Amino acid sequence: MLLGLALASMGLATLDAYTQHLRYARALALQFVSPLYFVAEAPYMLGNSLSKNLSSRENLLAQLEQQRQHLLTLSHTAQRYQTLKADNDRMRALLGSKEKLPGSVLIAEIVSVRSTPSAHHVIIDKGSEDGLQVGQAVLDAAGLFGQLIEVSGSTSRVLLLIDKDHAVPVQITRNGARSIAGGTGSRDSLVLENVPVSMDILVGDLLETSGLGGRFPVGYPVAEVTSVALDETSVFAEVKVRPLAQTNQSRFLLVVFTAEQARAARLEGGS
Amino acid sequence: MNPLVLLSLGIVAATLSVARLPADWYGWMGLWQPQWLLLLLMYWALGVGSRLGVLWAWLCGGFVDVLLGEPLGLNGVVFASITYLLLRFRERFAMYGAIQQALIVFIVVMLAQLFRGFSLNFFANQDWNLLPLTTAVSSALLWPYVYRLLRALEPRRGLR
């Protein structure tokens, strides 16, 4: 009996880890257990709403003022963005290349965090009912946060970009040099894999998604280079980068729909 | 034990196992989280385990896999093995004193966590860490209290 169950488990785990066949069963079970996440998170939600209700008037006013100023700066950037985008589209049209279609985003709230020293997941409160699909990119206010790896009806699991299992194709914003940023399991560093010593990369360079591989949309900020070590005996430079996303502070996340995904979600919702 | 009580205890244990620690505690307390589900499972196996058996333990493990985002079947086989072992050595375990029981709990939890660590390393590319040792220590320290608490929840029938 025990042996049979052990064999069944091994079979299941293999199927689960290397194929997609069990995705539906997992999604169903996740839907079933997801209330537990909300219960487990309840103390934080309660605390948040308490501090929201009890914070003083001066505090709120100060916060409002700060946000107003922030909004002003942002709207200034947005105005410039419009002209820049129009410019950019014209240039691209001149070059004959396809226009970069802007995606839409959906705001989701984190309802549970699972962090062991090597695994970093969070659960968010949106699922396939909101049109989410496995593989979509997830952002927070500062940069790329992770991607969806499991989607049930009303909740989904996000794999953080700092997880050891995660890697994202990136390019340097300054010169377009490409690499891959892999998670290390630690919150404040990613590692750039196989960077040749000849690559033009400097401390302070910004990395953004390159869109290669087709999973992440192009152009979202990912990380900042914190150290470049050139070892004469190696053909690769050791580059450490710091993720921009606030992986232990963000409460609200943005799930990105590329234009195609948004269209697919709309079609699904309509049918 | 009343199945409804057991189910709600299971829900409490599962909730505790996904509950998040405040960020500034995480560094030192994250490692020491007791394995509530394993403790409850061990108590259950000592009590009514003979009526429901390893298959049920395995099925419950499947839900825990999904809850924790681990490869399907991993916690199933851990749960089933623990249930099997405790069913096999139930009488002897019941004779032991609190310290001896806690020692057994330490060994069982550590083996379970080692097995999980190995499987996660194999299937999900996760690093080894200190969790098997630390969670086994905290679980073993809590066992006598958990045992007494669950015992107190037990309905009293006739002479005991």
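Below, chains carry the letters A, B, ... as their sequence lines are ordered, and counting in each starts from 1. Bear in mind the structure is a predicted one, so any value in this text is a computation, not a measurement.
Closest of all the heavy-atom pairs between B:Gly73 and A:Ser9 is O-OG, 3.0 Å. Shortest non-hydrogen contact noted between A:Asp16 and B:Glu70 is OD2-O, 4.2 Å. Of all the heavy atoms in B:Val54 and A:Leu5, the pair that sits closest is O-CD1, 4.0 Å. Residue A:Ala40 comes nearest to B:Ala19 through the heavy atom pair CB-CA, 3.8 Å, listed as atom of the first residue, atom of the second, then distance.
The environment of OH in B:Tyr84 is sparse: at most 12 heavy-atom neighbours from other residues, nucleotides or ligands sit within 6.0 Å. The neighbour count for B:Ile99 CD1, taken as heavy atoms of other residues, nucleotides or ligands under 6.0 Å away, does not exceed 12. B:Gln100 CD: more than 12 foreign heavy atoms inside a 6.0 Å radius. Environment of CD1 in A:Ile107: sparse, with no more than 12 heavy atoms of neighbouring residues, nucleotides or ligands closer than 6.0 Å. Surrounding CZ of A:Arg178 are at most 12 heavy atoms belonging to other residues, nucleotides or ligands under 6.0 Å away.
B:Leu120 does not touch chain A: none of its heavy atoms, backbone or side chain, sits under 4.5 Å away. Interface residue B:Phe63: backbone and side-chain heavy atoms are both found under 4.5 Å from chain A. Contact of A:Arg157 with chain B is made through the side chain alone, with heavy-atom distances under 4.5 Å. Heavy-atom distances place no part of A:Ser34 under 4.5 Å from chain B, backbone and side chain included.
The CG atom of A:Leu36 sits 10.5 Å away from atom CG of B:Leu16, with the distance rounded to the nearest 0.5 Å.
Side-chain contact check for B:Val18 versus A:Arg114: every heavy-atom pair is 4.5 Å or farther apart. Using a 4.5 Å heavy-atom cutoff, the side chains of A:Met10 and B:Val77 are not in contact.
Checking side-chain atoms of A:Tyr18 against main-chain N and O of B:Phe123 turns up no donor-acceptor pair under 3.5 Å.
Highest contact tally toward chain A, considering only B:Ile11, B:Leu68, B:Thr15, is held by B:Leu68 [criterion: heavy-atom pairs under 4.5 Å].
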